[in-house]
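All values below come from the heavy atoms of this structure, side chains included, with hydrogens, waters and symmetry mates left out.
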Amino acid sequence: MSQTPTPIGHYIQGQVAAGASGRAQDVFNPATGAVTGRVALASTSEVNTAVAAAHAAFPAWADTSPLRRARIMFKFLELLNQQRDDLARLITAEHGKVFTDAQGEVTRGIEIVEFATGIPQLLKGDYTEQVSTGIDNWTMRQPLGVVAGITPFNFPVMVPMWMFPVAIACGNTFVLKPSPIDPSPSLFIADLLKQAGLPDGVFNVVQGDKEAVDALLHHPDVKAVSFVGSTPIANYIYETGARHGKRVQALGGAKNHMVVMPDADVNQVVDALIGSAYGSAGERCMAISVAVLVGDVADKVMPALVERTKALKVLNGTNLAAEMGPIVTDVARQRISGYIDAGVQEGAQLLVDGRGFDGTQAGEGCANGFWLGGTLFDHVTPEMKIYKEEIFGPVLACVRVPDFATAVQLINDHEFGNGTACFTRDGNVAREFARRIQVGMVGINVPIPVPMAWHGFGGWKRSLFGDMHAYGEEGVRFYTKQKSVMQRWPESIGKGAEFVMPTSK
């Protein structure tokens, strides 16, 4: 039966706003290929309206005590915990990832909110009495103003929560520009924030494409921009935002390697590679997309890896038995298939080919979904396109190297430095790997080393543009500016003008 697509609009000044630009795009259920929604694409004028609402709300919100802001975060946290499964179902319906993975995404987002509830402690400054005779010195951290978040399709809940809970708790107001591919969770979140008591205008959502992004980057009242997405766009966001005087934190692409040493447990290695390469259909920036097999370990790992890749349970994400769901869009599926074609043409050995996956095997009504099976290459070399570029799909490339030093050099030579892992029983190898690898997030026998909420997320090299990582204490620093105050009282001021540099006396 045909179904009329649901209109999906913006959220400005505490209420849902229908699109006024006349532009919109379809929202799909990736498992079935059906159009389920029609999302508005904001004009510059609509973005300006959202920024104006945030700008007007800022003075009162910044003057709200950190404890009162934390109490609203606590209420938001309570509502999130009550409705986490509803939020996860929205993710699965528009992104396609399996429901259990969507639940995990929501949980990781909730952990950031839990961190943000501690904002009274996190905003405490330093104080030094008597830095000089009769003079005291202290520091405080104050909010920036209106800040914006531009977030990707692959984590429509978790990545926005890397940003807005910390930003809002610090006293800023926020404009979120989510991906138009899966826009509904952003409106669900906005409604929960309103229920939690957040004043109108403090959190706003503008759906949109490049026009909305550029409007945020050029707007003089937007003081900072956080972004997660591909490296070319991250570079653009960083350069454009900086040119307009904004603080920018732009997280880009990845090509995450997992080094497997000869002493590693083969069963653990295969489990780790299967989960980290094919979980969420490989559409996550921390997915392992390259297995670096050291010495003779490849001969032990590859047979089991082939067997497990062929046995992946690729199903509709609503099926609780599913291990992998569909690709997010048909365009993305075609792009990933093009990379598989390129790998074959360049001489990599294709052991498992996901291009022929039949959607009817994924469940009732899935024949027209955006399906692709797990894909496995062996004998990949650093010159190949499938090694150099981020595929962002369920494709695992295996590279064979003779020793540990070659493995480390291979990773350090890559342009990306987001995440990496090493599986070994050798403590010295683990220590040397962690010290010498030029990557921002490192796992030792942990395939996806996403830091917890109080540590902060971010890569090196062309995986991060800007100086501060997302969330954690670096997130607090990103969304605030430090002010230093030196104070003395008239009774302690000596007579006469001083013409030399002040020093401690």
Side-chain angles (χ1 to χ4, degrees), residues 10-17 42 44-76 112-113 116-117 119-120 122-125 139-151 160-178 186 189-206 208 212-213 215-227 241-242 244-249 468 470-471 475-483 485:
H10 317 297
Y11 185 88
I12 301 172
Q13 191 59 33
Q15 60 185 359
V16 175
T44 298
S45 175
E46 289 169 299
V47 173
N48 292 345
T49 300
V51 174
H55 185 67
F58 173 67
W61 183 243
D63 278 345
T64 301
S65 72
L67 183 58
R68 288 178 59 196
R69 298 197 296 256
R71 286 171 179 160
I72 290 174
M73 285 292 109
F74 270 114
K75 182 61 179 178
F76 178 53
I112 309 294
V113 180
T117 61
I119 203 65
L122 295 165
L123 288 179
K124 289 197 309 184
T139 62
M140 62 181 78
R141 301 207 69 88
Q142 295 185 317
L144 305 176
V146 180
V147 299
I150 301 167
T151 57
M161 287 189 186
W162 285 359
M163 303 173 185
F164 76 80
V166 177
I168 288 173
C170 286
N172 301 283
T173 53
F174 201 90
V175 179
L176 173 65
K177 205 299 290 180
S186 60
I189 288 167
D191 182 61
L192 294 185
L193 284 166
K194 187 177 181 70
Q195 291 180 47
L198 191 71
D200 292 347
V202 174
F203 180 80
N204 306 272
V205 178
V206 286
V213 170
L216 290 169
L217 291 174
H218 289 83
H219 201 297
D221 287 336
V222 175
K223 303 303 180 185
V225 176
S226 298
F227 170 82
H244 287 84
K246 305 184 191 311
R247 184 177 290 185
V248 183
Q249 170 191 74
M468 297 183 190
Y471 63 83
V476 174
R477 286 190 284 272
F478 180 78
Y479 289 119
T480 58
K481 52 194 172 187
Q482 178 179 291
K483 180 183 288 181
V485 181

**Q.** Distance (rounded to the nearest 0.5 Å) between Phe74 CZ and Thr117 OG1
**A.** 3.5 Å

Q | Nearest-0.5 Å distance that lies between atom OG1 in Thr64 and atom CZ in Arg71 | A | 12.0 Å

(Q) Could you check whether any side-chain N or O of Arg477 sits under 3.5 Å from a backbone N or O of Gln482, counting only pairs where one atom can act as donor and the other as acceptor? (A) no

Q | Which residues share a side-chain contact (heavy atoms from CB on, under 4.5 Å) with Lys124, sequence neighbours left out | A | Gln121

Q: Calculate, to the nearest 0.5 Å, the distance between atoms CG and CG belonging to Asn48 and Asp221 respectively.
A: 9.0 Å

Q. In Å and rounded to the nearest 0.5 Å, what is the CD to CD1 distance from Glu46 to Ile12?
A. 6.5 Å

**Q.** 4.5 Å side-chain heavy-atom contact, Pro199 and Ile72
**A.** yes

**Q.** Closest non-hydrogen atom pair, Phe58 against Gly171
**A.** CE1-O, 3.3 Å

Q: Hey, could you give me the OG1/CG distance between Thr480 and Leu144, rounded to the nearest 0.5 Å?
A: 6.5 Å

Q. So, for Ala169 and Ala116, which heavy atoms are closest and what is the spacing to 0.1 Å?
A. CB-O, 3.8 Å

Q.
Given 3.5 Å as the limit, does a donor-acceptor pair link the side chain of Lys177 with the main chain of Ala148, or not?
A. no

(Q) Would you call the rings of Phe203 and Phe174 parallel, tilted or perpendicular, taking 30° and 60° as the class edges? (A) parallel

(Q) Can you pull out every salt bridge (charged side-chain N to carboxylate O under 4.0 Å, His left out) where at least one residue sits in residues 191-206? Sequence neighbours excluded, please. (A) Lys194-Asp200

(Q) Between Leu193 and Phe164, is the side-chain contact (heavy atoms from CB on, under 4.5 Å) condition met? List the steps. (A) CA-CA 11 Å; Leu193 284 166; Phe164 76 80; 3.9 Å; yes

Q) Just by distance, do the side chain of Lys481 and the backbone of Phe478 share a donor-acceptor pair under 3.5 Å? A) no

Q. Is the backbone of Ile168 close enough, under 3.5 Å, to the side chain of Trp61 for a donor and an acceptor to pair up by distance?
A. yes

Q) In this structure, are over 12 heavy atoms from other groups packed under 6.0 Å from His219 atom NE2? A) yes

Q: Let me know which of Val205, Val206, Thr151 forms a side chain to side chain contact (heavy atoms under 4.5 Å, CB included) with Ser186.
A: Val205

Q. What distance separates Phe76 CZ from Met73 CE, expressed to the nearest 0.5 Å?
A. 6.5 Å

Q) Where the side chain of Asp63 meets the backbone of Ala60, is there a donor-acceptor pair that is under 3.5 Å apart? A) no

Q: Check step by step if side-chain contact (heavy atoms from CB on, under 4.5 Å) holds for Arg69 and Leu123.
A: CA-CA 12 Å; Arg69 298 197 296 256; Leu123 288 179; 3.5 Å; yes

Q) Got Phe227 and Val248 here, is their nearest side-chain heavy-atom distance under 4.5 Å? A) no

**Q.** Minimum heavy-atom distance Tyr11-Val16, with the two atoms named
**A.** CD1-N, 3.9 Å

**Q.** Nearest non-hydrogen partners of Asn204 and Ala54, listed with the distance
**A.** ND2-CB, 3.7 Å

Q. How would you list, by chain and number, every residue that makes a side-chain hydrogen bond (donor to acceptor under 3.5 Å, both in side chains) with Tyr479, sequence neighbours excluded?
A. Ser226

(Q) Determine whether a donor-acceptor pair (N or O, by modelled atom type, separation under 3.5 Å) exists between the side chain of Asn172 and the backbone of Pro143. (A) no

Q.
Would Val222 and His244 count as a side-chain contact (heavy atoms from CB on, under 4.5 Å) here? Give the steps.
A. CA-CA 10 Å; Val222 175; His244 287 84; over 6 Å; no

